[in-house]
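Notes follow the structure.
Predicted, not measured: the structure shown is a model, and the values here were computed from it.
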Amino acid sequence: MNFELLAQLTITGIVLGSFYALMGMSFGIVYQTSKIFHLANAIPFAAAGFAAVWSAETFHLPMFGAFIVGLVAAVIVGLLILVLGYFPLINRNATLLSLFLVSLGVTVAFPNLLQIVFGTQNKTLQVYGADGTLNRAFETQVYNVGFLTITQLDIVKIIVCWLVVLCVVLFVNKTRFGRSITALRTNPTMAAAVGINSKVVYIVVFAIGSLIAGMGGLFVTTEFVAYPTMALQWTLIGFIAVFFGGIGSLPGTALGGLLLGLLSSWSSVWLGVQFAPVVVFGALFIILLVRPQGLFGKAAA
Amino acid sequence: MAYYGQIAINILILLSLSVSLNLLLGYAGRVSMAQSILFGVGAFTAARLVLPQLTDKYNANVSGVGYGMGWPWWAALLGAIVVTFIAALVISLPAVRQVKGEYLILLTLAFQLGGQQVMTVWEAVTGGPFGVAGIPAIKIGSMSFSTVKADSTVRFAILMLIVTVIVIAVCWGIGESPFGRLLKTLREQESVLPSVGKSPIRPELLTFGITAGIAGGIGALFAFSQGAMTPVNFGLDLSILIVSVVVLGGVGNIFGTIVGAIILGGLDPILSNTVGADAIPWRAVIYGGALVVMMMVRPQGLIPEGAFRRFKKGKTTEEMTPAEAMESLSRVSATHEVGSAPALEVEGLKKSFGGLVAVGGASFTIAEGKITALIGPNGAGKTTIFNMITGTFKPDEGTVKLFGQDITGLSVVDIANKGIARSFQDVRICEQMTVLDNVAVAVPKQAGEGLTNLVFRPLKTRKVERATRERALECLALFGISDKANDLVGELSYGDQKLVAIARLLATDADVLLLDEPTSGVDPANVEGVMQGVRRLRDLGRTVCLVEHSVHFVQQLADRAVFLDQGIVLAEGTVDELINQQELADLYFGS
Amino acid sequence: MDGTSVNSSDGNLLEVNDVTAGYSKRRVITGVSMNVKPGEIVGVLGHNGAGKTTLLKCIFRMLSIESGDIVFDGASITKSSSVKTVASGMSFTPSERPIFRDLTVEQNLELGAHSVRDRQAIKDRMGEVMELFPILGERRTQLAGRFSGGQQRQLSVGMALMVQPKLMMLDEPSLGISPTVVTKTFATIRELAAEKGMSVLIVEQNVKAMTTIADRVYVLRHGEMVLEESGDAARERSEWWHLF
Amino acid sequence: MNRMRMGRTAVAVGVVAGLSGLLAACGSSSGSGTSSSAAAASTSAAASGSTSASAAAGTCINEIFGAGGPEAGQGVTIPAGMLLAVTGQGSFFGKVMSQGALLAADQIKEAGGMDYQITVADHKSGDVPTAITETKKLIQNGIEVLQTSYGAPSEAIIPIIQAGGVLTFNGGGSSPAQLSQDYLWMNRMVYAEDPAPGALAWLHKTYPDAKKLALIGTMENGVGTFKETAPNIWKKLTGGEVVAAEQHDVGTTDFKALAQKILAANPDVVQTFSFGDDLGYQVKALREAGYKGPIMMDEFTSQAAKIAGSAYEGVNFGVDFYTPANPNPWNQCYVKAYKAKYGEDPEYYGSNYYEQVFIVWDLVKRVIKAGGDPTDAAQLQAALIADPTFNSVYGGDATTVGKVTLDTVDHSISKPMGVFVVKNGQPELIQEIVKIKAGEDPNSALK
């Protein structure tokens, strides 16, 4: 083990952890408000990637335009799941388990629909110029600082992820609407008493969650490729960040995500890189065993 | 023929895995997304146990043709079951720590995904992504059972059919036994079990273990039959498929699972034979979609729990009148020595929550064979005192004595077994269970609640079960509701549901019965019936203590009353004595 | 203020006609009828579990009704929803956890005015509430969860006032607070009602506190209305036991 | 074919009518988008090919393989199956493999040869029980020839194809356990194991000072080479050592941590036995992490090159490499027809499965000529053993078709191999290498 490697892995861990935090935000805001185990959060993630690739190829949109299309698609798909899938069951006072099963069904079906429609090939995001000419596949710049290296995309990723974390936390804690979210989460009866429309809150929360999931999908598509089953592992990482960091605490979720990223990166000093997922799942298992409310969560009253 | 045999084998394997999961998901109400990985744990364990002892390291690493312990197949099968059983206990460990619902989903998901990763990485055992090959087939005499050759495939299909029938029989037997009754109660109203003196932890852990053990055993057979496998075989998609089979078929109904497994298991071959390989992605679209549609239109599944309940009707013994029941029940001997001490002595009980004093030193006694009411304004600490007597809360100070014996600080289960049973304000009856089962679960000392008895002493189990049901019927008859014994409790009126809850108390054989608001929420037409029921408890010689807000009813019901305010006893006496004291009225109605 | 402009033809702000409701199997109130007139303080008394809270939830449209009809301010609200009843001038304060513990006093009050769009009006009303309950003004940026029971109760009344309701409904406002605070809170409610011409419907177990301010009381026992009488008659009544 | 389409429509319409309709609308437009961009990206030859391609293919096939007619198997139906990764992570492989074989079947029929009828079955990217079930189905449906793929499923079905008597070819996941198995033939060189000596010898020759070798591999293919063969050869060649050996899951995209670990070991050269798209991400990550030394790979795919972009410049790979640019007349005829049919260049895997069908055609012709029964797999295999040399789209030159020879003992193949370097996104041959036997001097692998 040497210092340089550890330092470099720390940077990698921060990049990874920032992304985990982003995914944690996406699921966290949905889960803490609605208590739905929203596995189908994977769908806006993949939808954003495919919509971006598809729109870039079809309309020769520049990268920014393709991203917008991707995010819009993510929000639309996320809201469709809420309105068509969850609302009918919520109206019926169905159990959380049946909501989860709906989520599961959608999650199983969607990647296969993507495969049927778009084929099985991995989709690379083509970068078109503003004039509609094809530049090339996306490539990022590499910076060297001393013995450390970091790519431009990673820097962008860190900034965007933490900006999103900040925005979500500020939105929930500082805005009028954000307070309705907190109100609904902490005291549903009282929220109804002051006239908060829980459906409206759900719609906004799912829109935000899906938007963030879509951003995640775009990052993966840009750095790597889009493929039908791209989302599930990242969605689960989001879940783990939430439960690891602490339920009901968005900053806790973000920190939990960061910590998981660092853990999985550092673990490769001692273990092979293929052990990283085992480390993440193991960490979750231990946390649930010794501290069920999560690292930064408050114990349930 | 080999192909159809193989299809049958695939469906039977799915069926067995789903039926065993139904025990956990349907009966005990615990979701597990890890059934597939447990299946795999069994398969790899069996493979390593049954493979011959070799030292060819190169082969072991590269192509999965590996070494092992060289056990005979049946020993390896047993080994796989044991190992998987233990693995499941490890997963369910956090479940004991009250990790329920979505925690359990996440935990089992993590175990599934993490476990598969471990399988992929742990080459020494699993052969890595290439998996293990060359696993010897089951041989009985000169006959071999594997899926390699056409005739042996058909043989294995028959073997698998037999195994599946056994698995179904086992799961059915467990599910419909007294043990299964515990599980259903666990699913519907977990807190009821300790209140009738039964630990919920043991059946929960056991069920995790049994479900896994079956999956592990099937995994072993799978390994023997295929001869080769890789970690890919034990992925999340199989776990999801198994959960879907159980949910689509109908949770809590084994026959539903059979139908579900045939439909979903058959989807694959049907699609690939009619449409071709291109249709394969449609499979997941269809069953994912089916899951969504099902939850919308028929959440109870194709064949819901209790679908065959009607056929079992008419099996009950002849109707008993309340008077006959009274006579029969009074023969049940009390568990304590009569006469010496008051039934219940509460001495200086104190409890505060975060600085807020709920009970500030309550002392009172409850006389044997009487109905005593705890009354007082809201926040007087009545329910908190109940909770301390029954062990739900540990008192900060003070003692509780039952017939002179100190029971302060014992667990809920222990206190219930000493002879104090309680009901709850919100009834807590199990709506999806029959009236009879709701009551029968409370009958103490049932042989059928132990799995060893179920397996090794079936005759005794059956005899005890007959007695248990008879006992439960008597308890129901006492309240005149034995004719509804085979109805689902959810279908009863609220008043009858309250009576079921009281009958359940009676069935525990406890001497002291604590009733928390027995008449609240009962519509006026049925209140008299409930009160009648409470009186019958006293007539049987039981000591009854109740919390009731309606003084109107307390007056008609209670022999004595204890007036509490802010956790302190202000007065004791008959109800009439108490309500004639102006200061109590001032406290009750404000001054 | 214009709280007095009520246009119901027969003089009732709220009419509950023969309402039966409950939770699935459990029918909690049966055939309940009652009414509230403009500017009137009405108390519904009864023992725990008599169905008082259920009645309020029905009126506030948080709970579906099996049969019967509810008219508020001249229009039937039987098929309405809580979001709409708040907008039409009703407020409801639950008995337990009537505030948001994780939010500050200011944020609580702002949420109380959730259905109000006018920012200036919200500001003005918040000023009024803080004038009424000075402690809320002093601790405006503190988390409500740290407050004592009485302060929380004051805050909850303040939240209800933020919508300037025509009908304020309080579920057991005396719960968990000391007798002196009870007296004070009820006195304030009386003053408020007189000053704003607001109707108040209070559900209570505390008969004495209720009868001191009520114009009229009802008694609910096991889901049935067993008594309706004027506040004066109720104050005279010496024996309550048989009604509870 | 018609029935199949109707069935597909029925499923599509009947089951998820609303959703599929909506998405199919997106799908059709995206499909055209894909093909047009691919055509635009490829060379100018594509445009002319589309109209006359099939006619041209017919004639050029006859030029190479002789005239059609009854002696060439016209009228003989050969029922065949393919066991591929239709769904799952490796569905790309399934797609190109079936494309290659289907094109060959079309061309042969058009040229007046046998009627090679393919049923495609799915092993879900390596699921063994599915592979077994599907193989049984194919055998029950009477296939005579099977084209399989992937290591684990191909190993698992060996006893079944032997029991069923099906002539089987694997051009994908070749592995040592598949060697010397009756009825199973591999027309891909054993992954990693065969080219490794030549590749390492070339590295040693080109970078004589290099002592420290870093190895990267999956846990799926070439594990033996990764663990034993390559380290042994390297020690023998240079006296140096393996300073890092990292394995990863197939289908990994994020190689940051792996690259950093490799870099921390400060190797002189890196050899990787990964495959597919993974290589693209891997090389990109290595370069981004700051590794500037030589990288030796085992495979080149245009998809991986596209992923890595400029990071692929200058990397090497040693393999039985297929290139569409090979001037070999059969290859040119093949490339043209492939482009016309699928709108893209053929690649390595598709070509192996394309060739397999032509091998079968040769065998059918030989059996007919000898008066045997061309629908008997045993006779086909006997004909193969009698003369294991066949035409190939590999090797050759502008005027001659390449030749490959199968090993009748271990059932593997020898093809022209080489060490290549990537220049301007395209591979360029820099050193021919040959297969050597275990224990021979690695330097003798250099031609």
| said: Within residues 74-83 of chain A, which residues come under 4.5 Å of chain B, heavy atom to heavy atom? | reply: none
| query | How would you list, in number order, the residues of residues 228-239 of chain A that have a heavy atom less than 4.5 Å from chain B? | reply |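 Only A:Leu232, A:Leu236, A:Phe239 of residues 228-239 of chain A have a heavy atom under 4.5 Å from chain B.
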Value rounded to 0.5 Å, distance of [atom1] in [X] from [atom2] in [Y]:
X	Y	atom1	atom2	result
A:Phe281	B:Gln116	CZ	CD	10.0 Å
B:Ile105	A:Phe100	CD1	CZ	4.5 Å
A:Ser98	B:Met296	OG	CE	10.0 Å
B:Leu106	A:Phe285	CG	CZ	11.5 Å

| message | Heavy-atom cut-off 4.5 Å, strictly under: side chain, backbone, both or neither for A:Leu97 against chain B? | response |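 Just the side chain, heavy atoms under 4.5 Å.
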| So, do A:Asn112 and B:Tyr287 sit near enough that their side-chain heavy atoms are less than 4.5 Å apart? |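 Side-chain contact under 4.5 Å: no.
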| query | Taking C-beta and beyond as the side chain, do A:Thr107 and B:Ile240 meet within less than 4.5 Å on heavy atoms? | reply | no
| request: Could you give me the CA-CA distance, side-chain angles and deciding distance for A:Leu284 and B:Phe111, then say whether side chain to side chain contact (heavy atoms under 4.5 Å, CB included) is met? | output: CA-CA 10 Å; A:Leu284 173 75; B:Phe111 190 81; over 6 Å; no
| field | chain B interface, residue from A:Thr95, A:Leu84, A:Leu104 that has the most non-hydrogen pairs under 4.5 Å | value |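 If we count pairs closer than 4.5 Å to chain B, A:Leu104 comes out on top.
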| message | Tell me which of these, A:Leu101, A:Ile247, A:Ile116, A:Val278, has more heavy-atom pairs under 4.5 Å with chain B than the rest. | response |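 Answer, by heavy-atom pair count under 4.5 Å with chain B: A:Ile116.
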| said: If you count heavy-atom pairs within less than 4.5 Å of chain A, which of B:Gln117, B:Arg283, B:Met33 leads? | reply: B:Gln117
| task | Please determine, among B:Leu109, B:Leu113, B:Val118, B:Val31, the option with the most heavy-atom pairs under 4.5 Å with chain A. | result |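 Most heavy-atom pairs under 4.5 Å with chain A: B:Leu113.
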| request: Classify the angle between the aromatic ring planes of A:Phe243 and B:Tyr103 as parallel (below 30°), tilted (30 to 60°) or perpendicular (above 60°). | output: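 If you compare the ring of A:Phe243 with that of B:Tyr103, the planes turn out perpendicular.
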| field | Audit row: A:Val108, B:Val285, side chain to side chain contact (heavy atoms under 4.5 Å, CB included) steps and yes/no | value | CA-CA 7 Å; A:Val108 166; B:Val285 176; over 6 Å; no
Which portion of [X] sits near chain A, non-hydrogen atoms under 4.5 angstrom:
X	result
B:Val293	neither
B:Val251	neither
B:Leu236	side chain

| For the student: nearest non-hydrogen atoms of A:Ala109 and B:Gly288, plus distance |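 The answer is CB-CA, 4.3 Å.
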